[in-house]
Amino acid sequence: MINLVVGSQWGDEGKGKLVDLLGKNADYAVRFHGGNNAGHTVIVDGKKYPFHLIPSAILNKNIVGVIANGVIVDPAVLIEEIDLVEKDGMSLKNKLVISDRCHLIMPYHKALDEAYENARGKNKLGTTKRGIGPTFADKVSYNGIRFYELINWNTFVEKFEFQARIKNKILKLFNVSPINIKKAISNYRKMRERLLPYVKDSYQILSQAVAKEKNILLEGAHGVMLDVDFSPYPFSTGSNVTTGAVNTGSGIPVNKIDNVWAVVKAYLSRVGGGPLPTELFDKNAEDIREKGHEYGTTTGRPRRIGWLDLEAVKFTTELTSTNNIAITKIDILSGLKKIKVCIGYKYKGKKISMSSCGYKELAELTPVYKSFPGWSEDITGIRKFEKLPKNCQKYVKFIEEFLKVPVKIVSVGPEREENIYA
Ligand code: GDP
Ligand code: IMO
Ligand code: MG
């Protein structure tokens, strides 16, 4: 069985929680794209784990976590995360694999990310400043350095010096201090010792797992509305976030995937810049942000809040071939008198689809809303769909009918057990 989890909106839909849940019976949990711009929260027995690189299902006992070739890795962040998991008594020896094809995020990538953002001034994109764009840019321009080079230390040093010298010249143009090359190399030497035991050919491991019909869980990061091709570029992340990214990012063929789960947050949030048609600026936004703890898992930034945008989610669920939906954070809507959902867009008086919108159209269009009466009960303790307040049931049913995809899980709280299964 192969399950894929994708975020259907602009990220932070609650993928980490669903992945941990679906990971219960999985043999392998795989990250296949992105980097530590992702922040996936898992809460087990009240303890919070913010995963950025290690697959979020790792806490399940028999699972092996694979950071496959499509992921870019900041080794310092990965070591911190390994320490966080191991501090709680779980050894990652033979439980974590890093592909030798993974590209490394270097100090000059982070410096460049920040320098470009500062230079953009009021047009800044709001990246996580984790070096994501510059690392992917180096990957596709043949300037990247991978774990493969880290294995062959002399090659690493040679390539690092070459790249860092050029990047330092670029940083100088931005009036930014250069990277200390000697110090950086010495840091990478230390981190190399920690990480090399995990470095393997992840393609072999995963293709054998597919052949043996193992249970594999693929953990998408970000949200499909941030996909580098299908988002309102440049308000994007550096990865493809669609189902196709599984094949390029791990080697697993897409036709082997049994289920694509889209995580749909009952409202929406976004960190970073860019147009957001259903964005709220009123008291509802403040209330939802506070009640839903909508602050970035990676950067701590307050998240922008909006009504659920089904025009966007319809686009992303179709694009990813979604066949199961998990709705999350519907408990946060309890207490609102009226809840709105966007069911289409109007641009210059005419209907327009999400896929036809660039950032200009998205910024100027008018969302078409359907209003729902709210409910006042706290629903966190409810475990049966029929026990939910009638208005809440109607809200879920509407999402299901609109998207024409079955809602299989309704999450009513951050803890592992706080779910309703359809
Ligand atoms: P991800 O990036 O998609 O994994 O999402 P994040 O971890 O960045 O943000 C989701 C936040 O919502 C986390 O703090 C989760 O613990 C929390 N969460 C997930 N599902 C639910 C839910 O159904 N209800 C509530 N109240 N919180 C949830
Ligand atoms: P998870 O997996 C929310 C956004 C950033 C920024 C844009 C580009 O936790 O849902 P980048 O650093 O990737 O170059 O920034 O993409 N972004 C995310 N927003 N959740 C994420 O991941 C994100 N990953 C990237 O906020 O707007
Ligand atoms: Mg997140």
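Just so you know, ligand 1 is whichever comes first in the structure, and atom 1 is the first atom listed for that ligand.
- Applying the ring pair (Phe, Tyr, Trp, His ring centres under 6.0 Å) rule to pairs touching residues 96-135 yields Tyr108-Phe160, Tyr116-Phe174, sequence neighbours excluded.
- Arg303 counts as a contact of ligand 1, since one of its heavy atoms falls under 4.0 Å from the ligand.
- Summarising the geometry of Ser269 relative to Asp12, their closest heavy-atom pair is OG-CB, 4.1 Å, with the distance given to 0.1 Å.
- Short contacts between ligand 2 and His40, defined as distances under 4.0 Å to a heavy atom of the residue, involve ligand atoms 1 (P), 2 (O), 9 (O).
- The Ala38 neighbourhood of ligand 2 comprises atoms 1 (P), 2 (O), 9 (O), 22 (O), with distances under 4.0 Å to a heavy atom of that residue.
- Within ligand 2, the atoms closer than 4.0 Å to a non-hydrogen atom of Thr128 are 11 (P), 12 (O), 15 (O), numbered from 1 in the order shown.
- Taking any N or O of Asp113, backbone or side chain, none lies under 3.5 Å from an N or O belonging to ligand 2.
- Within the listing of ligand 1, atoms 26 (N) sit less than 4.0 angstrom from a heavy atom of Ile332.
- The ligand atoms of ligand 1 that sit less than 4.0 angstrom from a heavy atom of Lys17 are 20 (N).
- Using a 4.0 Å cut-off between a side-chain N of Lys or Arg and a carboxylate O of Asp or Glu, Lys167 and Asp138 qualify as a salt bridge.
- Taking every heavy atom of Ser411 and a limit of under 4.0 angstrom, the matching atoms of ligand 1 come to 20 (N), 21 (C), 22 (C), 23 (O).
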Would you mind writing out the side-chain donor-acceptor pairs for residues 35-45 within the sub-3.5 Å range, not counting sequence neighbours?
from, atom 1, to, atom 2, distance (Å)
Asn37, OD1, Gly35, N, 3.0
Asn37, ND2, Thr237, OG1, 3.0
His40, ND1, Glu219, OE2, 2.5

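- Atoms of ligand 1 found under 4.0 Å from any heavy atom of Ile43 (numbered from 1 in listed order, with element): 16 (O).
- Considering only non-hydrogen protein atoms, atom 17 (N) of ligand 2 sits nearest to Leu226 CD1, 3.6 Å.
- Using a 4.0 Å cut-off to heavy atoms of Gly39, the atoms of ligand 1 that qualify are 1 (P), 2 (O), 4 (O), 6 (P), 7 (O), 8 (O).
- Less than 4.0 angstrom separates some heavy atom of Gly272 from each of these atoms of ligand 2: 27 (O).
- Within ligand 2, counting atoms from 1 as listed, the ones closer than 4.0 Å to a heavy atom of Lys15 are 1 (P), 2 (O), 10 (O).
- Listed by atom number, the atoms of ligand 2 under 4.0 Å from Trp10 heavy atoms are 3 (C), 19 (N).
- In terms of the ring-ring contact (aromatic ring centres under 6.0 Å, His included) criterion, Phe136 has no residue partners (sequence neighbours excluded).
- Listed by chain and number, the protein N, O or S atoms at a distance under 2.8 Å from the Mg ion (ligand 3) are Asp12 OD1, Gly39 O.
- Salt bridge Arg120/Glu117: present, at least one basic N to carboxylate O contact under 4.0 Å.
- By the 3.5 Å distance cut-off applied to N or O atoms, Asp12 is counted among the residues near ligand 2.
- Against a heavy-atom cut-off of under 4.0 Å, Arg270 is close to the following atoms of ligand 2: 27 (O).
- A heavy-atom separation below 4.0 Å is found between Ser236 and ligand 2.
- Interface of Ala221 with ligand 2, defined as ligand atoms under 4.0 Å from a residue heavy atom, comprises 2 (O).
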